[in-house]
Novice: 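Following this message is one structure expressed as structure tokens.
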Amino acid sequence: MSSAPSSWTIRAKPRFGRDLKRLAKDLYKSKGQREKFKAFVEGIYDLLEQAGPFHPKLDAKLMSLGSGQLPQGCQLFKLYLRPPETRGESGEMRIIALACPSLRTVELLMAYTHADYAKQPSDQEILARMREEEA
């Protein structure tokens, strides 16, 4: 991650780190491939630190969750990502993040691929991740 001052604070929920470790193991066989994946993820963190989910290099779409489920002033985003050396739908990675623009914070809730969820995790799973304490 860059040493330049960030304008957004990025926090990861506890299971988010475990999601990334699992994805690295599932998607890549060699240590070199896993290192490229780690660099890819660090690049995502850098982009989020610069402009949150609004960075032009990120493909982030607003998600809806039942009314009244999100903290005041916060928005739920799904980031569409293509990690290095992956093919097909099973290699398409998604990150679900809770962004609070007024606080300039992003909480990384979960990371997954189409192999994990054909569409996306249920609202209940997302809400459970939101309630987790920070790592």
Novice: Any idea which heavy atoms bring S64 and D123 closest together, and the distance?
Specialist: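 Scanning both residues completely, I find the closest heavy atoms to be O-OD1, 4.5 Å.
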
Novice: Could you check whether F77 and F54 have their ring centres less than 6.0 Å apart?
Specialist: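 Between F54 and F77, the centre distance is under 6.0 Å.
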
Novice: Is any side-chain heavy atom of L79 closer than 4.5 Å to a side-chain heavy atom of L48?
Specialist: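 L79 reaches L48 side chain to side chain.
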
Novice: Show me the pairs that pass side chain to side chain donor-acceptor pair (under 3.5 Å) and involve residues 72-81, at least two apart or across chains.
Specialist: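 Pairs touching residues 72-81 that pass the test: K78-Q120.
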
Novice: Do L103 and V106 land in one hydrophobic cluster if side-chain heavy atoms of ILVMFWY residues count as linked below 4.5 Å?
Specialist: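 L103 and V106: separate clusters.
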
Novice: Restricting to salt bridge (charged side-chain N to carboxylate O under 4.0 Å, His left out), what partner residues turn up for K61, sequence neighbours left out?
Specialist: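 Salt bridge (charged side-chain N to carboxylate O under 4.0 Å, His left out) list for K61, sorted by chain: D59.
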
Novice: To the nearest 0.5 angstrom, please state how far the CD1 atom of I126 sits from the CD1 atom of I96.
Specialist: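 Going from CD1 on I126 over to CD1 on I96, the span is 4.0 Å.
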
Novice: Show your reasoning for whether side chain to side chain contact (heavy atoms under 4.5 Å, CB included) applies to Y117 and E125.
Specialist: CA-CA 12 Å; Y117 299 95; E125 277 185 272; 2.5 Å; yes

Novice: Which distance, rounded to the nearest 0.5 Å, do you find between the CZ of R11 and the CG of L109?
Specialist: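 So the gap between those two atoms works out to 11.0 Å.
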
Novice: If you compare all heavy atoms of A111 against all heavy atoms of F16, which two are closest, and at what distance to 0.1 Å?
Specialist: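 Of all heavy-atom pairs spanning A111 and F16, the closest is CB-CE1, 3.7 Å.
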
Novice: My understanding is that only residues two or more places apart in sequence, or in another chain, count here; which of them pass side chain to side chain donor-acceptor pair (under 3.5 Å) with R104?
Specialist: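 S7.
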
Novice: Please check: side-chain N/O of E35 versus main-chain N/O of K31, any donor-acceptor pairing under 3.5 Å?
Specialist: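 No; zero donor-acceptor contacts below 3.5 Å.
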
Novice: Looking at every heavy atom in both D19 and M110, which two are closest together, and how far apart are they?
Specialist: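 That closest heavy-atom pairing would be OD2-CA, 3.3 Å.
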
Novice: Identify the two heavy atoms, one from G73 and one from P101, that lie closest to each other, and give their separation to 0.1 Å.
Specialist: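 Here G73 and P101 meet closest at O-CD, 3.5 Å.
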
Novice: For K36 versus P84, what's the shortest heavy-atom pair and its separation?
Specialist: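 For K36 and P84, the tightest heavy-atom pair comes out as O-CG, 3.9 Å.
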
Novice: So, using salt bridge (charged side-chain N to carboxylate O under 4.0 Å, His left out) as the criterion, who are the partners of K21 when residues are at least two apart?
Specialist: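 Expected list: none.
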
Novice: Taking a hydrophobic cluster as the set of Ile, Leu, Val, Met, Phe, Trp and Tyr residues connected by side-chain heavy atoms closer than 4.5 Å, whether directly or through intermediates, do Y112 and L98 fall within one such cluster?
Specialist: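 Cluster IDs for Y112 and L98 match.
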
Novice: How far apart are the closest heavy atoms of Q50 and W8, and which atoms are they?
Specialist: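 Answer, listing the atom of Q50 first, then W8: O-CD1, 3.9 Å.
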
Novice: Could you measure the distance from the CD1 atom of I44 to the NE2 atom of H55? Nearest 0.5 Å is fine.
Specialist: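 So the gap between those two atoms works out to 10.0 Å.
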
Novice: In Å and rounded to the nearest 0.5 Å, what is the NZ to CZ distance from K13 to R18?
Specialist: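 Reported to 0.5 Å precision, the distance equals 12.5 Å.
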
Novice: Rounded to the nearest 0.5 Å, what separates atom CG in L65 from atom CG in L127?
Specialist: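 L65 atom CG to L127 atom CG measures 4.5 Å (nearest 0.5 Å).
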
Novice: Holding to ring pair (Phe, Tyr, Trp, His ring centres under 6.0 Å), I want the full list of residues that pass it with F37, two or more places apart in sequence or in another chain.
Specialist: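 Listed in chain order: Y28.
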
Novice: Heavy atoms, side chains only, cut-off 4.5 Å: are M130 and L70 in contact?
Specialist: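 They are in side-chain contact.
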
Novice: Using the rule given for side chain to side chain contact (heavy atoms under 4.5 Å, CB included), can you reason through D116 versus L23, listing the C-alpha separation, both sets of side-chain angles and the distance that settles it, and then say yes or no?
Specialist: CA-CA 10 Å; D116 301 316; L23 287 174; 3.8 Å; yes

Novice: Can you tell me how far the CD1 atom of I95 sits from the CG atom of L81, to the nearest 0.5 Å?
Specialist: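 I95 CD1 to L81 CG: 5.0 Å, rounded to 0.5 Å.
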
Novice: Got a sec, which residues hit salt bridge (charged side-chain N to carboxylate O under 4.0 Å, His left out) with D26, two or more places apart in sequence or on another chain?
Specialist: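 Per chain and number, D26 pairs via salt bridge (charged side-chain N to carboxylate O under 4.0 Å, His left out) with R22.
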
